[in-house]
Each structure stands twice: as structure tokens, then as C-alpha cells.
Amino acid sequence: MPNELPKAYDPAAIEQKWADFWVAEKLFDTPLNQPSDGRKPFVMLLPPPNVTGRLHMGHMLNQTEMDILARWHRMLGEESVWVPGTDHAGIATQMMVEKQLKAEGTNRKELGRDAFLERVWQWKSQYGGAITTQMKRLGASVDWGREYFTMDENLSNAVTEAFVRLHEQGLIYRGSYIVNWDPIQQTAVSDLEVEHKETVGKIYHLRYPFADGSGSIVIATTRPETMLGDVAVVVNPEDERYKALVGKTIKLPLSAAAGKPAREIPLLADEWAKPEFGTGAVKVTPAHDPNDYEIGKRHSLAELTIMDETAHIDLPGSPYHGLDRYEARKRILEDLEAQGLLVEVKDHTLAIATSQRSGAVIEPRLSMQWFIKIQPLADKAIAAVEEGHIKFTPPMYAKTYFEWMRNIHDWCISRQLWWGHRIPAYHCPQCGTTCVAKTRPERCGSCDHAELQQETDVLDTWFSSGLLPFTVFGWPEPTEDSAKFYPTDLLVTGFDILFFWVARMIMLGTHFMLDVPMPDGSKRELKDAVPFRDVYIHALVRDADRQKMSKTKGNVIDPIEIIERFGTDAVRFTLASQASPGTDIAFSEARTEGYRAFANKIWNAARFLFLQIDRARTAGYKMTMGAANPVGALPEITPIETRWIFARLNAVTVEVDKALKEYRFDEAANAVYQFFWGEFCDWYLELVKLRLDFPEVKEGEQPIQNPETAISLAGLVGVFEASLRLLSPFMPFLTEELWHALYEGKPYAKSIALTRFPQPSDFPADDTAVSAITTLQELINTIRGLRKDLGVPEKEAAPILIHGDHRTLALADAHRDMLAKLARVSDVDFATETLTGTDARSGVGFDVRVIYERQIDVPAERERLTKEIAKLTKGLEAANRQLCNEAFLAKAPANVIEGLKKQQSETQLLHDKAKAALEALPA
RNA sequence: GGGCGAGUAGCUCAGCUGGUUAGAGCGCCUGCCUUACAAGCAGGAUGUCGGGGGUUCGAAUCCCUCCUUGCCCACCA
């Protein structure tokens, strides 16, 4: 029997069961490559977590938001397709396995490329599923039938295809350029993978003597070790101090190597040198600094590489050969000082570039890399957002996006790693030609050599993930899925990958999909080439003190641990209710406790309901549970509170619908919370108890059925069932459990997730009922407050005397039972005159007196009334000021004036009554 | 150096396309085990909306300025 629910809600007892059920039953799977069935699809791509990842609160927030939307759209009857997958995460995964190897006393080079890759796959099959297992525990309603891994064969083929096409289109080039070099990973990384850290370092002024012995020039540098690679010194052509010296030759200190004399380098003029900075003279090291590289190009200078891949000096014959860069710096400074060439050392704040993954200080390095010529892609990506084909929420992120996109640099896509998509380029060892092809060519196209070697570099992980919105649907093949599901509707993600991923998807999506015709064969336009139509950027989840969560601070909240304590639904609700766009979430357990209480409230409301159902059955009432259909008009005899709660349900569904359309998860969550707790539980359940009278059926007697009771019970069940459906996108576990319990294991659908989401049109609005209940609530609240101040004991009933307008009196008269139940009113009597005095209080349409012998606390009442009068006076003054203002009356809209007038007269009334009450107080 | 935000009750945050007397949750105070729920019920207190100036009939909301604070981007030796 359903009423045998435990008294308190225990999420741990039910959640795993439903999580398993949803996956096992493939409830959220959609058929692959089927022609459209005419339904509107709702398509989202889950931002693929790294295969090495563990679930954190950011994931949980992301998945909660996406799941609310996926479930909502699904319940609206749309084909909700939410594609999950994991990213191979080149650097992260390779690091993970290399760490293992190190512990075993070996390394990847010893193992060799093939064996190493085998190890990585082995690692992946063993540990790679951790994060998806955690996702399943969250109840994310993703389509597991479409789960992918970015290194899957089909996706890898698509990556190759994309690379080859870009190369054919002249958008990929290879060349020797200065890149951000990570000396620990020994790979190039893109600009985005570099973090700049403000650090107080030193700036050194070094004296470079002229070769002719005619003097010297002092240069400034923060990296003195790079002087070994200097090929020139430049000064600004307008710099009066140095104008005359330009053209002189410098004898570069410390550059003498075994058997070789010191190198001589020229002093040149270049705009780059800013007279006001440092000494105004800049040393030029083209192979180890991006600016110097440019200078070098302008003056056709040599590019002298002096460091190896591990940032050790690589200058055979030099005394510094083999030294680590910092050791070399130390030695060089010592040697310069010994020669009297170290002029000055000053503190200097600079932004040190470090590698995001390894933390290594980036060493700019000249090396052969692959790049994407980004401008043509960026142009389309900018247009897509400018023209409104992609909408950002919150909109301010569009500004950030434009800012970055308009200052974009070519993207270095090659990585000197082993784990990843290997670049489909082939080098001829004989003639040195490189060709790009989908498959390995038999022979070199230039010299016919037979043994071409594939490029050893792999692609930046973000290259493949940037293609996902179309590759997951089968691109480059023209599939039904692609026709139906591209563009996806929405991307939900964090701002941290706005450039890494979002921007790249937009660039690659608009680029490649523009070439794919529309399902009807027509040419695709930019608006349909975009990878998604909406981007919702969510906040960062911080700890309760607004601190960023980090391992070093030890304030990381583990979602799995927290859901074990509070239940997944409570944690989801916490995140949703805080998810106000543009604001970070300070995750506090206190709040989660509050929502656990909410879950418990729902649970207990269900217990109450089930108890009533059992009582009704015992009394011979027939119960039908199928309430998921529109309610339509209510029968004549339907009591007012049931009319009211249906009208409220109508209003709250409007609110939720509006909020979710705007991605206002907080507003949606607050609306359902307020409705369920503040209205359904606090008022409706209490009121409906008055109708639920089930007399005991004696042996042999025919049960007597009260139609009002029957309709109330049906209303109660109907509203509760609708509430469960309304709540289910937010709290899928609890609602699934209770919904199945309500139908006693024989529900009309396999899951509440497959039912219809409550719609405004399902529930009749009823202004009369709403205003009646509102007035009764006001009356009850007034009586409750008065009783409290009079000191009437909680349990004791007291009679009231009421005076007021006809409508209010009629309501009070007709609903004495409500007053009795909710305000402990023992009897209602009517007065013909205004009621004042210490035991009376006024509402807008009434005065009410509670008859009770104990006198009120006069000083307390005086204080209360004084405060109230002050507040009313303030409001009154404000209103009067406005209403006496000609300009206001002339310019303000009519409805505002009307509203103010009405409010003014009501306030005046309350003010006068309060004033009278105060004056009536005994001295 | 450039860009984008934030400052509202003790705490975390709504409200900000200007319009009635600024809200919620948590916390706090008081009284209640009222047979769905003490993870509960009822009642209560709490804010010159960061400071200053301006626009307007009307400003938490728009503009200027200052203060405090966060984030992103950046090749200044």
C-alpha cells in the first residue's frame, strides 16, 4: 500500500534504483538515423568531460541545468536528444599515464610510441568510465545510446577529413615560428593554454661594448641567459641618445666558445625600441622571443637557437652548454659582474607565462608547427553572432566573445605528444616534401620514394572537440541525424571554455557546415550552419565563503559526497535555485539542508495524500488516479479552495514556462518551491482537510458518498500529481518514486519523465476563487497576529467579531469552518460599526476583534501601532505628494495613477484605523 | 595596458527595458509535539539599495564621478 512510506524521506534508499532504471530501460535514448517523425527536436551536446576527470560541482551545475531543460522539453513532447561523451584530453591523459610509467621506473620514450599508446588505451578502458558512472548517479537524462569518445574511429576519421579539407582550402599551413614551448611536456601549446602570472622578478641592465673599443651601450633584459642568442641590439631611430651610434658593431660578451672568438652583432634602429622603457636599447634574440622574432624578420637577422626542448643551453663549445636556463642565468650574471658589465639589477613586475597543464615556465621557442589561418574562420564566426544566429545568455558574454574574436591570432594546432589524433601529413625522407592526405600515400608525389613517414605531431585536443556538433551526427556522411539535429539548439557551459571550445565550435561549425546542403537540398545559409542557436554560460560554483574551490585550499566540495548526505534532488535544487545568470554560486550546505527539507515536505505531503486515499477507499469511494490530462472546467459543486489551487497551478505553470524559456533556473525553481510549500501545503492541504470527512462504514450499511468530498479528493490527487510532474525536471528522483507510488506500481507511463509537463491550459483560471481565498488568507493572518499579541494560547479557540464590506462578511460567514481550522475561531459575530481598541485590528476590507479576556500588552501594542502608523504615514505622504503633483498626473500612465489612488485610499483607511486604535489605548 | 562585471537584511542572492510602502532562502527572537511533516507549524524583528552629484512627475533601477571588489584578455625588452 502506498501509505506505508517511511515518515522521513531517505534519498539514499531510492536514488540508485531510479538512476539504474533510467539507464537500463534506455528511457532517454533516441533512435539513430531515423527520418524525422515530425516532432520538434531539442538537441544539446554535453560538454565532454576529460576522460581523466572526476565529477566536480561545476559538472553537476552544468548537468543539472541541462537536465532540467532536457526533461522539460521531453515532457513538452519534443524529441529531446542530449548527446554525452568524453574527451581524450591529450595532455592530461598522457601526463596521467606517464606518471604511472614513472612509478614503474620507466618512461614513454623507453616504451616507444606504439607500446605507449597501447598503455593509454589500457588505462582508458580501466579508469576512463569513472566520470560517466558518476554522471549516471546524477540522473542526467542523456542519450547513452549515442555516447562517444573523441578518439572513436568514426570521430577520428572525421578529424582527418576536416584537417585535409582545411589544408586543401589553404587554411592550414606549416612553418617555423616562435611558439609557446612547454619544456616539461616538451610540446608547443596554444596561446590559450598559457597562463600569465604577475610576479616580481628582476630586470638587468647589461653593458655591451662596441667592437671598436669606442665605448658601449647598456641594454635592459629580464632574461639575461638569452643573450647567448643575441644577433643585434636595436634602439629607436628617434632616440637622440643613440642616433649617432646606429650602425656600430657590438662585441657580444660571453659569446666566445671553444676555439671561436666572441660574436659581433650590429646596433640597429627599429621602432620597436621604446626610448622610455629600460635603457631604450633592446637586445634581439629572434629564436627565443616573439617580438625579437619580428624584428629579426624586418632586418633579415639570423635566428640562433640556443636552447633545447628541455630549456637547457644547447651551444656545444660554450661554457654554458648543457646548463638549465636558470642555472645559466645565474652563471652568466656572475660572469658579467666579474667583467664589470652588469650595470644594474632592479625589481621588476612582469607577467610570467606558464603552461596551464604542467605549470612550467613557457620558453618561447622557434619550431616547426602546424597552424590554422584563423581570420577567414573568425569572420564567419563573428558574423554568426552579430547577425543574431547565435544568442548568448547572459548577453554580456557576446562582448567578451567579440573582443577575443576580433583580436585573434593563428591557432597552433600541432602538439609534440603521442596521445591524440595524429596529423595526416606524410614526409618524404628522400626529397623532404610533405603531403597531406586522408590515407598514407604509396609513394612520394615528387620523387616517387616509397617509404613516406607520417608526421609525428598530434592535433590539439580542442581541434577535435571543436568539430563535435556535427561529427557526433555522422559528418562528413550526410546522415538523417545530421539533417534532423544540426544545428543543435543549445550549448550550456562555463565561461572558462568560451574561447577554447565555444568559439572554436562556432568557427569550425560555420566553416564546414556551410558546405553541407539543407535537408531539402537547398544551399545552407549561415543561420543554419551555426553549431547551436543559443549559448547559456553558467557561473562558477564557489564555496560558501565565495572562495574558488581548489585542491590546495582544501575547500573542494565533492558532488557525490554531498548528494550522499542530502540527496541528489536537494543538491540539484540548490544549484538550480542559485543559478542566476552572471553571478557565481556560493554553495552553502545550509541552503542544501533547506532543500532537503523541501524534499521531505513533498514526501510527507504524499504520505498525507496516500492516507486520505486509503481512508476514502475504506469509506467506499472509488479512486481514479489518471489525472495527467487537462482538467477543463470544474464541476459546479467544486469547493472554492480547490478552484483556487487549480487557478494557482495555472499561474505557476505560466511562471515556470516563462522562466525556463529564459534560462532562469532560479526563478523556475523558486516558483515551484513557493507554490508547493507556500500554497499547496500551507493553505490548500489545511483547507481541503475540511472536506475530507470519511465516516466509518458500519457492517451491512451502504456507504454514503458526499459529492463535495469526492470532488475534493479528486482535486487533491490531481493537483498533487500535476505538482509532481511540475517538479520532476528539478527533482527527478523523488518525483519518480512518489509518482510510481501514487499509481501503485501501475502507472500509465514508464516514467514520470515521459509524461506531459503541466501546461497553463490544463488548469482553469478562476479570479473569483483567487480573490476570495486571498481575502480569507488576509483575514486569517490578521486574526492569527492578533491572537498572538493578545496572548491567546495556541490551542485555545476564541470568538471573533467582524465588521467590514459586504463581500468580506459574506466570505467570513460562508467559511466559518476555515476560520475555525486555520485561526482557531470558535464563533463569528458581525458588528455594524468600525471596531477599534486594543483587541481589534484592521485589514483593507474589514476590522476584526478577538474576544478574549486577557488584556493586551499595552506598551507593546503602542509600539506596534506607532511603527505601523509611521510606515503608513510614509506611504501616504509619498502617495499624496505624487497625487498632488500636476506633472505626475499629466505625465504618468493612467494605470499607474489609478493604482496609486486605490492604494492611497486603502492606506488612508488603515492609517485612520491604526490612529484610532492608538488613541483608544489606555494611558 | 585593454575589456567585462559586482557592491541591496547578519549570510547567500533576486529585483535593475524607471511606476504603488524593496523581496526570497538560510540565520535570529517568541510560542506551539494542531494525528502528512519538529527536516514541522504559527507569529515577529531586521535594509538612509557602496558614497556624492545629475536626468525625471517619479530612481535600487538611467547618466556622471569617486570608493571597494572580482574576473578575462595582453608579445613591452
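Proteins get letters first, then strands, A, B, ... in listed order; numbering begins at 1 in each. Because the structure is a prediction, the values reported are computed rather than measured.
Distance A/L790 CG to B/rC32 C1': 17 Å, rounded to the nearest Å. Following rounding to the nearest Å, A/H196 (NE2) and B/rC73 (P) show an atom-to-atom distance of 8 Å. A/L692 places its CG atom 11 Å from the P atom of B/rA36, with the value rounded to the nearest Å. Across the protein-nucleic acid pair, A/L540 atom CG and B/rC72 atom P stand 9 Å apart, rounded to whole Å. Rounded to an integer number of Å, the gap from CD of A/Q612 to C1' of B/rU35 is 11 Å. As a whole-Å value, the separation of A/E276 CD from B/rC76 P is 14 Å. Between the CG atom of A/L685 and the P atom of B/rU34 there is a distance of 18 Å, rounded to whole Å.
Residue contacts for A/H288: at a heavy-atom cut-off of 4.0 Å it reaches no nucleic acid atom on any strand shown. Among the heavy atoms of the strands, none lies under 4.0 Å from A/A599. Residue contacts shown for A/W603 are absent, as no nucleic acid heavy atom lies under 4.0 Å away. Note on A/N407: nothing from the nucleic acid sits closer than 4.0 angstrom, heavy atoms only. Nucleic acid contact class of A/S588 (heavy atoms, under 4.0 Å, all strands): none.
Under the 4.5 Å side-chain criterion, counting only non-hydrogen atoms from C-beta, A/I178 is not in contact with A/R365.
Separation of the P atoms belonging to B/rC11 and B/rC16 is 23 Å when rounded to the nearest angstrom. Annotation: B/rA14 and B/rA22 have their C1' atoms spaced 11 Å apart (nearest Å). Rounded to a whole angstrom, the distance from the P atom of B/rC33 to that of B/rC41 is 16 Å.
An OP1 or OP2 oxygen of B/rA39 is reached within less than 4.0 angstrom by no side-chain nitrogen or oxygen of A/R565.
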